[in-house]
Enquirer: 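So that we are looking at the same thing, I have put the structure below in structure tokens.
One-based numbering, in listed order, for ligands and for the atoms of each. We number each residue from 1, following the sequence as shown. Values in this document were obtained by computation on a predicted structure and should not be read as measured data.
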Amino acid sequence: MENHRQQGILYIVVPCYNEEEAIEKSAERLIAKLRQLETDNMISPQSRIVLVDDGSKDRTWELIEALYEKNDSIIGLRFAHNRGHQNAILAGMMYAKDYCDFAITIDADLQQDINAMELFISEYVSGSEIVFGVRNSRNTDSFFKKISATAFYKMMRFLGCSIYENSADYRLMSAKALDALSEYSEVNLFLRGIIPDIGLKTSVVHFDVFPREQGKSKYSLSKMATLAADGITSFSIRPIRLVFMMGALSILVGFFMIIHILYEHYFGYTVNGWSSILMSVWLLGGAILLSLGIIGEYVGRNYMETKRRPRYYFWDVLSHDAHEDTQV
Ligand code: UDP
Ligand code: MG
């Protein structure tokens, strides 16, 4: 039977921030990959590479312009400011969703093995809407990154996020999954956490990670901390509930303590004032935590609701395709 998913239009989305050292070589390798996938009849010749310049301060955009001039399959998008890796990926995917059958996101340094793309595509052809890339090992990472990443994924799962451990933003999403993702309007993005939440048919592909060849890591410690904070707070109802539960528990303990305190007061040998102080510590402490939890609940909800600001704005769009509306 003819599978309509075969030879679909693939858009490869690449976030680029100050990647002047890496972008040319990476683009060359991606173009070669696209040609090879085309010859193998895995994708349509209308497939494209979307380079998203995340407000780079170096020559990245000039290099993207030059690549665009030379290659019909290159599309360039440019942010006015640095909006971060997650927003760059999202912008590229939201741009792609109207033109592609499926999109794959990959970092500009191509640390992720591009030869895993065949595996992603065959999972898509056999019916998956989202294919998660999970890294084989963290051998190329520093000791600090290894420890912090492991702790982070464990905590996220504890907080109720169905994130895949060691999943990366190397991922395939079908146009349908991208449509679903476009309904999520939060500003503080943590894609690795949101995408499993979409709930369409998913599968996993394992891939190797290589050391970065050109340039340095663009993920500073503060960018990593922001990403982690976004991850935690976008599932923030759990920590707030935890405070609420602690308050309730403290009040409960307080009531048992009252019995104990009264018993000690009348039948034991207690210092004057001990009973009243201890009672107020437990009851008041509980009441304070409980109210903090309730207030937190409102603040949390409000916070979720107010995330309506635009996430990015395109300064420039370069495309050889005559799409009627290139505005996203
Ligand atoms: N990146 C981005 N905006 C940023 C930081 C990074 O678009 O503010 C891109 C970067 O160009 C690369 C990807 O995100 O394509 C991953 O960054 P990097 O390779 O520096 O991170 P690492 O591999 O060290 O975690
Ligand atoms: Mg990298």
Enquirer: Taking the basic N atoms (NZ, or NE/NH1/NH2) and the acidic carboxylate oxygens, is any pair closer than 4.0 Å for Arg212 and Glu19?
Expert: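 Counted as a salt bridge, because a side-chain N and a carboxylate O are separated by less than 4.0 Å.
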Enquirer: Starting from atom 22 (P) of ligand 1, what is the nearest protein heavy atom, named by residue and atom, and what distance separates them?
Expert: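 Looking only at protein heavy atoms, the one closest to atom 22 (P) of ligand 1 is Ser217 OG, 3.7 Å.
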Enquirer: Could you check atom 8 (O) of ligand 1 against the protein and tell me its nearest heavy-atom contact, residue, atom and distance included?
Expert: Lys223 NZ, 2.9 Å
Enquirer: Please determine, by modelled atom types, if Lys223 and Asn82 share a side-chain donor-acceptor pair under 3.5 angstrom.
Expert: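 A donor-acceptor contact under 3.5 Å links the two side chains.
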Enquirer: Closest by any non-hydrogen atom to atom 3 (N) of ligand 1: pick that one out of Asp54, Asp109, Asp53.
Expert: Asp54
Enquirer: Regarding ligand 1, does Pro15 bring an N or O atom to under 3.5 Å of one of the ligand's N or O atoms?
Expert: yes
Enquirer: Just need the protein heavy atom nearest to atom 18 (P) of ligand 1, so name the residue and atom and give the distance.
Expert: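 Result for atom 18 (P) of ligand 1: Arg212 NH2, 3.5 Å.
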Enquirer: Taking salt bridge (Lys or Arg N to Asp or Glu O under 4.0 Å) as the test, write out the residues that go with Glu69, two or more places apart.
Expert: none
Enquirer: Search all heavy atoms of Tyr184 against all heavy atoms of Ala180 and return the closest pair with its distance.
Expert: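 Looking at all heavy atoms of both residues, the closest pair is CD1-O, 3.4 Å.
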Enquirer: Atom 12 (C) of ligand 1: which protein heavy atom is closest, and how many Å away?
Expert: Glu19 OE2, 3.4 Å
Enquirer: Just to be sure I'm reading this right: ignoring hydrogens, which of Phe79, Tyr17, Tyr219 gets closest to atom 2 (C) of ligand 1? Compare them by their nearest heavy atoms.
Expert: Tyr17
Enquirer: Between Tyr170 and Phe120, what is the ring plane arrangement, given parallel below 30°, perpendicular above 60°, and tilted in between?
Expert: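 If you compare the ring of Tyr170 with that of Phe120, the planes turn out tilted.
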Enquirer: Which of the numbered atoms in ligand 1 are under 4.0 angstrom from any heavy atom belonging to Gln111?
Expert: 19 (O), 23 (O)
Enquirer: Is Asp54 salt-bridged to Arg83, cutoff N-O under 4.0 Å?
Expert: no
Enquirer: Tell me, please, which residues at least two apart from Asn166 pass side chain to side chain donor-acceptor pair (under 3.5 Å).
Expert: Arg138
Enquirer: May I ask whether Arg83 places a heavy atom under 4.0 Å from ligand 1?
Expert: no
Enquirer: Closer than 2.8 Å to the Mg ion (ligand 2), what protein N/O/S atoms do you find?
Expert: Asp109 OD2, Gln111 OE1
Enquirer: Could you tell me, atom by atom, which parts of ligand 1 come under 4.0 Å of a heavy atom of Lys145?
Expert: 22 (P), 24 (O), 25 (O)
Enquirer: Would you say CD of Glu118 has more than 12 non-hydrogen atoms from neighbouring residues, nucleotides or ligands within 6.0 angstrom?
Expert: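 For Glu118, atom CD is crowded (more than 12 foreign heavy atoms under 6.0 Å).
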Enquirer: Can you name the atoms of ligand 1, numbered from 1 with element, that are less than 4.0 Å from a heavy atom of His85?
Expert: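 So the atoms of ligand 1 that pass are 1 (N), 2 (C), 3 (N), 4 (C), 7 (O), 8 (O), 9 (C), 13 (C), 14 (O).
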Enquirer: Please work out whether any backbone atom (N, CA, C, O) or any side-chain heavy atom from C-beta onward of Val14 is under 4.0 Å from ligand 1, and answer side chain, backbone, both or neither.
Expert: neither
Enquirer: Under 4.0 Å from a heavy atom of Ala108: which atoms of ligand 1 are those, numbered in the order shown and with their elements?
Expert: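 So the atoms of ligand 1 that pass are 12 (C), 15 (O).
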Enquirer: Is the number of heavy atoms from other residues, nucleotides or ligands within 6.0 Å of NE2 (His206) greater than 12?
Expert: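 Above 12, so yes.
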Enquirer: Donor-acceptor pairs under 3.5 Å, side chain of residues 8-15 to any protein atom, not counting sequence neighbours: which ones?
Expert:
none

Enquirer: Any idea which atoms of ligand 1 are less than 4.0 Å away from a heavy-atom of Lys218?
Expert: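 Those of ligand 1 that fall under 4.0 Å from Lys218 are 5 (C), 6 (C), 18 (P), 20 (O).
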Enquirer: Would one find an N or O of Lys216, backbone or side chain, under 3.5 Å from an N or O of ligand 1?
Expert: no
Enquirer: Between Glu38 and Arg35 (salt bridge meaning N to carboxylate O under 4.0 Å), is one present in this structure?
Expert: yes
Enquirer: Could you list which atoms of ligand 1 come closer than 4.0 Å to a heavy atom of Gly84?
Expert: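 Per the distance check, 3 (N), 8 (O).
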Enquirer: Flag yes if more than 12 heavy atoms outside Tyr219 fall under 6.0 Å of its OH atom; otherwise flag no.
Expert: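 Atom OH in Tyr219 is crowded, with more than 12 foreign heavy atoms closer than 6.0 Å.
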Enquirer: I'd like to know whether CE of Met245 has more than 12 heavy-atom contacts from other residues, nucleotides or ligands below 6.0 angstrom.
Expert: no
Enquirer: If the threshold is 4.0 Å, N to carboxylate O, is there a salt bridge linking Arg5 and Glu129?
Expert: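 A salt bridge links Arg5 with Glu129.
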